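Remarks on the structure that follows.
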Amino acid sequence: MPRYTPAEIEARWQQAWEKDEVFNAVRAADKPKYYVLEMFPYPSGRIHMGHVRNYTMGDVIARYKIATGHNVLHPMGWDAFGMPAENAAMAIGGHPKDWTYGNIDDMRGQMKPLGLSIDWSREFATCDPAYYGQQQALFLDFLDEGLVYRKNAVVNWDPVDMTVLANEQVEAGRGWRSGALVERRELTQWFFKISDHSEELLAALDTLDNWPAKVKLMQANWIGKSRGLQFAFSTIDAPEGHDRIEVYTTRPDTLMGASFVGISPDHPLAKMLERENEDVAAFCAECRKGGTTEEAIETAEKLGFDTGIRVRHPFDTAHELPVYIANFILMDYGTGAIFGCPAHDQRDFEFATKYELPIISTYLPSEDANEVLEEAYVPAKSDKVFYNRGFAGDAWQTGEEAINAAVDFCEQNGVGQGVTKYRLRDWGLSRQRYWGCPIPVVHCDACGVVPEKKENLPIELPYDVDFGTPGNPLDRHPTWRDCACPSCGAPAKRETDTMDTFVDSSWYFARFTAPRAETPTNMEDAKYWMNVDQYIGGIEHAILHLLYSRFFARAMQITGHLPESAIEPFDALFTQGMVTHEIYELWENTAAPPVVGDGPEAEEQLKSKAMRRLNYLHPEEVIEFPNPNKHSHTNVLAVLKSSADEEAIGSSDHKNLYELYVRERKFSGKNREVIIIPSAKMSKSKKNVVDPLHIISNYGADTARWFVLSDSPPERDVEWTASGADAAFKHLTRVWNICDRIGEMDKDAKGQGDDDLLRAMHKTIHDVTMGVESFGFNAAIAKLYAFTATLQKSKAGYAAQREAIMTLAQLMSPMTPHLAEDIWAHQGGTGLIVTAPWPKADEAMLVDDTVTLPIQVNGKRRAEIQVPADMPKEDVEKIALAHEAVVRSLDGAAPKKVIVVPGRIVNVVA
RNA sequence: GCGGGCGUGAUGGAAUGGUAGACAUACCAGACUUAAAAUCUGUUGGGGCGUAGCCCCGUGUGGGUUCGAGUCCCACCGCCCGCACCA
């Protein structure tokens, strides 16, 4: 009997697909188009199970769409710029370009054996000059349209390495290489005017019907539209030019609870005081320590500095408030100044407590509530509260009503204006790094900042750079900066900043529609292929990447690079989960004398000893086995493979391993134990990374693909288990063996149960189709398991069994395409299965004549009846009430009510 | 700190507001075998009783809506993701 040999059949069918060019996307009017795209990978050099899962999901969709008669575009490329390449150059030498292209070759080589339905003829990397040159052209067009501008912004500055650090290079407020305390420093940077599109980007979220609601909500919160009041406090004893402080508040209804005014350390008034007063300067310097992330700022201890300046309350000029410089106020949001209302904001409450400022309630939960607060009183804006210090609207009103009333009141009394603001800031794209797309502008002494001419594009990165010292090598390059001013021709200097890598990934989806075009896009191709019908990627991109891409699509429409119809580039979005794996930790008693002996005393002693994690272990370094001690909470134990002898490993009863485990833990000189941490994100440092190449060489790509789809719902994390992969392989072998068996059958053989088999088949067609359409891959696979079991046991005749196995192959083909092709060929199917039309479920075969109805009494299941599917409600009710179990439950009482849901359930209310 | 999500047997999970635990793993038992592997079959949420059967409890915790809640609402607990220079 021939065997299932994935290594052989997978290579064969991949060649067949390549020969027929079945995945080459062709622009043609004969069929509807379908564009499926997975977020392209960073070329780290190794694919991991997360990639396998991500691309397999996209592949299932792509293959399903091919089978249902679409021209499918399913491209692949590389998000190839970024810091890891420069870090590698610094750490191990070599050049970022060589490192990156080497990695791309490696990863492509690792991906191809997966048998993905990718049109490789469209492949590109963002570090190809042909790609980033077009990106520079886009930048120039954006500049022309006023979508790009320059302004100052803060960066993480490492004062020892004299370089700008990324947020991830700041560890606990210190530079990762130098260990120096990081400072915030201002630089002139390029910005995209994304904030001009805040309202539009927010409003258009409503049109994205096939995006997850959580992603839309996260984007809406990120854009952060708020209506509030902007007004000015007039100052007392302030330096000249600062007789007013403009503040913005979303809670003008709490104005009577104001107890201080806070300004950002970067506020113009703070900066002026800083120049004149050493104490202020010292305080502002203190505030500028630490990273630039919102998280770092929000979680830092709240600090304030009393400037001595005071302001008058707008409603009561006799009431004066102190002005503090405070480290938690951001210059980027609002006006960089706020009034603090400690009674209704927890941050302000803590600040007021620390600096002994008054805490004044403006509203209370009830008219007689205690005004002395333990913490800030912050009810939902939609709750009705009692305004004890209201000044507009009713005494009892919701926060929302009070805010509107307060804005109206203030406007009428000339105390400010209602304004709408957005939290969304402009997108800073300048990076002081080498391995990125050069910003195509020139600095000329005479002409200032001048855009490069398009005919000079691409402005290519020089190859001869050194990474011996931190910082941007472009800055140090002896000649690259030198150029002629595009405007006046005089000697000038190139911009040495490069672009944020988010720019690269904000339009690659459009480039895939015409990857070799001499312009960023080709309008005809863009019109045909856009939008992306199904986009697939991680939830970690829910905000930035997706928001930036939405902005770019608009900007590209404005500059004539995308049609109007493509301003929302992703019709449907799916966010998949991660692949996780157990972590194995080796713990040892490193400090105390070893514990010896057995029994409870030894156990107690072990608990009290200083057991420490010594290191992490690779999955190959441990042997797992079931815990024979059934009373323990731990079901699986593990020992070091190196400690176990051959016999113990080979033996099927786990006695020897358990004895070894006990011996190592209690009797060895080290009290050594392997601890299993379930389900953690795969990470190199924790050594819980499973290499897909191993899986593919051991089991084949189809097994890897089947497993990553089968075990968890796609939006959730999947736990990689060796036994799961094993089971997937066994199942595929089983299917192959069934195919072989049917192939050996007598072609004229008649059997029993043809109709049952075909009914089960049509139900499976229906269920799997629904599953694939709705990303319910794991549920679809469960149905395929069930149908395989049915087919395996079937005694049906040859014709029915052949139809069943061929349909099974078709339904499996998006997940396990190689095995499916092989079965198809084995059974004499026409052409390739990949291009065969998707099977259709026969509606008539889906309905059963009789149904099983559960009968509940008061919501608890008590019985079950079989009735014809079309039996009238009244008759069902009669049968249900007559049922022995129901009679017993009712105990003679008359039912109050009977609910009959046809085809579903009967509930008797006693 | 802020924003978003998730939580179901030993494990991964299934379940348009309608029989909780499909399917798979693991374990246990059986068949085949000299034996093992492989393969196949079967059992398995917890507790109880008068054990062909029946009853009680059970979807992180506590409340609520409903004839009926894993599913909807509120509060809490735990874990995960994002926070603008990681990609």
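Given the structure is predicted, the values throughout are model-derived calculations rather than measurements. Protein chains get the first letters and strands the later ones, always in sequence-line order, with residue 1 at the start of each.
- In this structure, the side chain of A/Thr498 engages the main chain of A/Arg433 through a donor-acceptor pair within 3.5 Å.
- Distances shown here put a side-chain N or O of A/Asn221 below 4.0 Å from the OP1 or OP2 atom of B/G4.
- A gap of 35 Å separates the P atoms of B/U41 and B/C49, to the nearest Å.
- A/Glu540 has its CD atom 13 Å from the P atom of B/A87, to the nearest Å.
- Within 4.0 Å of A/Asp79, counting heavy atoms only, lie sugar-phosphate atoms of the nucleic acid but no base atom.
- Aromatic pair A/Phe787/A/Tyr785: centroids not less than 6.0 angstrom apart.
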Worked verdict on A/Asp726 versus A/Tyr699 for side-chain hydrogen bond (donor to acceptor under 3.5 Å, both in side chains)
CA-CA 8 Å; A/Asp726 220 44; A/Tyr699 296 115; 2.6 Å; yes

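- Atom CG in A/Asp497 sits about 13 Å away from atom P in B/C85, given to the nearest Å.
- Residue contacts for A/Val906: at a heavy-atom cut-off of 4.0 Å it reaches no nucleic acid atom on any strand shown.
- The closest donor-acceptor contact from the side chain of A/Asp161 to the backbone of A/Pro470 lies at 3.5 Å or more, if one exists at all.
- Aromatic rings of A/Tyr4 and A/Phe729 (six-membered ring for Trp) have centroids within the 6.0 Å cut-off, being under it.
- The residue A/Phe328 sits apart from the nucleic acid: no heavy atom pair falls under 4.0 Å.
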Run the side-chain hydrogen bond (donor to acceptor under 3.5 Å, both in side chains) check on A/Thr501 and A/Asp79 step by step: do they pass?
CA-CA 8 Å; A/Thr501 55; A/Asp79 192 10; 5.4 Å; no

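- B/G21 sits 16 Å from B/A26 when the C1' atoms are compared, rounded to a whole Å.
- Glycosidic torsion of B/G9 falls within 90° of 0, placing the base in syn.
- Applying the 4.0 Å criterion to OP1 and OP2 of B/U39, one finds that A/Lys730 has a side-chain N or O inside that range.
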Expected output check: what is the dot-bracket annotation of RNA chain B, where ( ) and [ ] are pairs inside the strand (brackets for crossing ones), | is paired with another strand, and pairs are Watson-Crick or G-U under 3.5 Å?
(((((((..(((.....[....)))(.((((.......)))).)(((((...)))))..(((((..]....))))))))))))....

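- In this structure, A/Val155 reaches the bases: a heavy-atom distance under 4.0 Å links it to at least one base atom across the strands shown.
- Residue contacts for A/Leu424: at a heavy-atom cut-off of 4.0 Å it reaches a base atom on one of the strands shown.
- Counting distance only, with no hydrogens placed and no angle test, the side-chain atoms of A/Glu295 and the base atoms of B/C83 include a donor-acceptor pair under 3.5 Å.
- Nucleic acid contact for A/Ile899: base, since at least one base atom lies under 4.0 Å from a heavy atom of the residue.
- Using a 30° and 60° split on the angle between ring planes, A/Phe81 and A/Trp435 fall in the perpendicular class, above 60°.
- Backbone-only engagement by A/Gly428 is indicated by non-hydrogen atom pairs under 4.0 Å involving sugar-phosphate atoms exclusively.
- For B/C67, its base never sits under 3.5 Å from the side chain of A/Gln856 at any donor and acceptor pair.
- Aromatic ring centres of A/Phe509 and A/Tyr535 lie farther apart than the 6.0 Å criterion allows.
- Atom CD1 of A/Ile297 is separated from atom C1' of B/C85 by 14 Å (rounded to the nearest Å).
- Across the protein-nucleic acid pair, A/Asn737 atom CG and B/U39 atom C1' stand 10 Å apart, rounded to whole Å.
- Across all strands shown, A/Thr501 has heavy atoms under 4.0 Å from sugar-phosphate atoms exclusively, and none from any base.
- Residue A/Arg431 places at least one side-chain N or O under 4.0 Å from the OP1 or OP2 atom of B/C85.
- The nearest whole Å value for the distance from the CG atom in A/Asn167 to the C1' atom in B/C86 is 9 Å.
- If you find the closest nucleotide of RNA chain B to A/Thr299 and to A/Leu429, the one lying nearer the 5' end belongs to A/Thr299.
- Aromatic pair A/Phe351/A/Phe328: ring centres closer than 6.0 Å.
- Side-chain atoms of A/Arg904 come within donor-acceptor range of the base of B/U16, with a qualifying N/O pair under 3.5 Å.
- Rounded to whole Å, the distance from CZ on A/Arg861 to C1' on B/A15 is 16 Å.
- Per the geometry, NZ belonging to A/Lys860 stands 5 Å off P belonging to B/C57, to the nearest Å.
- Across all strands, A/Arg433 comes closer than 4.0 Å to base atoms (heavy-atom distances).
- Scanning atom types as modelled, no donor and acceptor separated by under 3.5 angstrom connect the side chain of A/Gln792 and the base of B/C40.
- Atom CG of A/Leu217 and atom P of B/G4 are 5 Å apart (whole Å).
- Judged by closest nucleotide on RNA chain B, A/Lys783 is the one of A/Val908 and A/Lys783 placed further toward the 5' end.
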